[in-house]
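Beneath this line is the structure, given in structure tokens, with notes to follow.
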2 protein chains.
Amino acid sequence: MDFHLKESIGQKVVNFCVNKKKQQTEQTKKKIADSARSLFAQKGYKATSIEDIVKATGCSAGNIYYHFKNKEGLFLYLLEDWNREWDKTWLAKEKLYATTTEKLYGMAEYLALDQLSHPLTKAADEFFNNSEKAPEVEERINEMVKGYIDFNRQLLQRGIDHDEFEIANVTGLAIILDGLMLGLNQHSRRMDREEALAAYRLAMDVFLLGIAKRTR
Amino acid sequence: MDFHLKESIGQKVVNFCVNKKKQQTEQTKKKIADSARSLFAQKGYKATSIEDIVKATGCSAGNIYYHFKNKEGLFLYLLEDWNREWDKTWLAKEKLYATTTEKLYGMAEYLALDQLSHPLTKAADEFFNNSEKAPEVEERINEMVKGYIDFNRQLLQRGIDHDEFEIANVTGLAIILDGLMLGLNQHSRRMDREEALAAYRLAMDVFLLGIAKRTR
DNA sequence: TACAATACTGAACATATATTCAGTATTATA
DNA sequence: TATAATACTGAATATATGTTCAGTATTGTA
């Protein structure tokens, strides 16, 4: 209405206007991400087409490619988003456990439930194992795997420092722990909630007994 | 040369002729299976096209469909062939080990090496996790998984009978053992021979300590 | 030799599906 | 208000690829 107002407030108005575009972008990006996540979870990576996402979001194919580099990029975004979410949730949850042993049981429980409510894991497996990916994507995946291993390694190291476990090869066991969770995840798809929880707990029982301090 | 000879020998000649066709079929089927196995192992399931197999074998697309129902059927054939091979090899190997503990270490070692030399596992994972499969195929896969679990269950049960382990939930542990091997398999793809062997051995160390009889 | 069954060919079919791009609409800037 | 930047459209592109089928060649049968 009054253009002098615009100038008098200056930067603030500009920021507001810029934000309106940023806001729109964020909103659209989120809408695409949410639909895509749900579809990937239901149908898997390959089986979910851009067309599917177009139908689910109501926005055009071109718009998806405006916000994401390509299908791979969209999926990577979801994976990284998921990792961020995990870090956040875990950081809050971790404090509730006193010992590393308790933390590991807590992690197992969370994984059991997260995987059931969050079947993106299935699509992730498909994506990780699919051999037709760009080198940069391969690299990004390697980093993610390294991150998971490192997470376990640090957890186990703290357990050693607190005299809970007796471990010589920490990295090796970090890999084994990840492998155990990874393998169980596949089996948990054929289980209901209670079975999955029991399986993860049992796995952790065995793992912990396997690395427990021995009484000589 | 002499048509009377044909008649005088009778059934034998007939069989010989029938065999010539059967022989041809077997030979072609094997050629296709071998090429396909190698391609699936290199490129993965989805990434290997019928066209690829056509080029590798030198026979036509139609011929592949003459011998196998479709691409899924061809892959299932390879999986079942692999299972048969495993059963045979294991049956021979198993006798060399006295205790179940030794058998489990033997199994781990074999899996570590087999998976390296036999990267069909990667394609198998892709295939198992792919959600676009016919119901009958799904069923066949479920049976295979059941078979793997049952194999472990029997192995563990024998260990219990011989007082080697202390296990309450045999089936649960059979699943965990399979999951452990499955998860390790994924990681072993990023390892060389020695690393993989060490990882599998360490995993079995932990697993066995985790289910060992306790001294009270 | 005539007929039947089996083994095989390869082009055509059907279709799915990631990606681009010329153009339009909306919003920011001066 | 004019220009630039950003957000978006949707049809066209490009192409890959599983599967079929009419027809041919080889082998078995009587």
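The sequence lines fix the lettering, A, B, ..., with proteins before strands; numbering per chain opens at 1.
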Would you please confirm or rule out a distance under 4.0 Å between OP1 or OP2 of C:dT6 and any side-chain N or O of B:T25? no
If I take atom NZ in residue B:K69 and atom P in nucleotide D:dT19, what distance separates them, rounded to the nearest angstrom? 9 Å
In terms of heavy-atom contacts, does NZ of A:K69 have more than 12 from other residues, nucleotides or ligands at under 6.0 Å? no
Nearest-Å distance, NZ (B:K31) to C1' (C:dT9)? 13 Å
Return yes if the base of D:dT27 and the side-chain atoms of B:K20 contain a donor-acceptor N/O pair under 3.5 Å, otherwise no. no
Quick one: do B:D150 and B:R153 make a salt bridge, cutoff under 4.0 Å? yes
What nucleotide, of C:dC8, D:dT19, D:dA7, holds the atom closest to the side chain of A:K21? D:dA7
Side-chain donor-acceptor contact under 3.5 Å, B:S60 with B:N63: no
How far apart are the C-alpha atoms of B:E195 and B:Y200, what are their side-chain angles, what is the distance that settles it, and do they pass the side chain to side chain donor-acceptor pair (under 3.5 Å) test? CA-CA 9 Å; B:E195 279 177 309; B:Y200 273 84; over 6 Å; no
D:dT19, OP1 or OP2 - any side-chain N/O from B:Y65 closer than 4.0 Å? yes
Mark yes or no: A:K133 above the aromatic ring of A:F127, with NZ or CZ under 6.0 Å from the six-membered ring centre and no more than 45 degrees from the axis. no
Verify the contact: side-chain N or O of B:Q23 to OP1 or OP2 of D:dT27, cut-off strictly under 4.0 Å; return yes or no. no
side-chain contact (heavy atoms from CB on, under 4.5 Å) test vs B:Y148 passes for just one of B:N83, B:L177, B:L182, namely B:N83
Tell me, which of residues 49-61 of chain A have any heavy atom that sits under 4.0 Å from an atom in DNA chain D? A:C59, A:S60
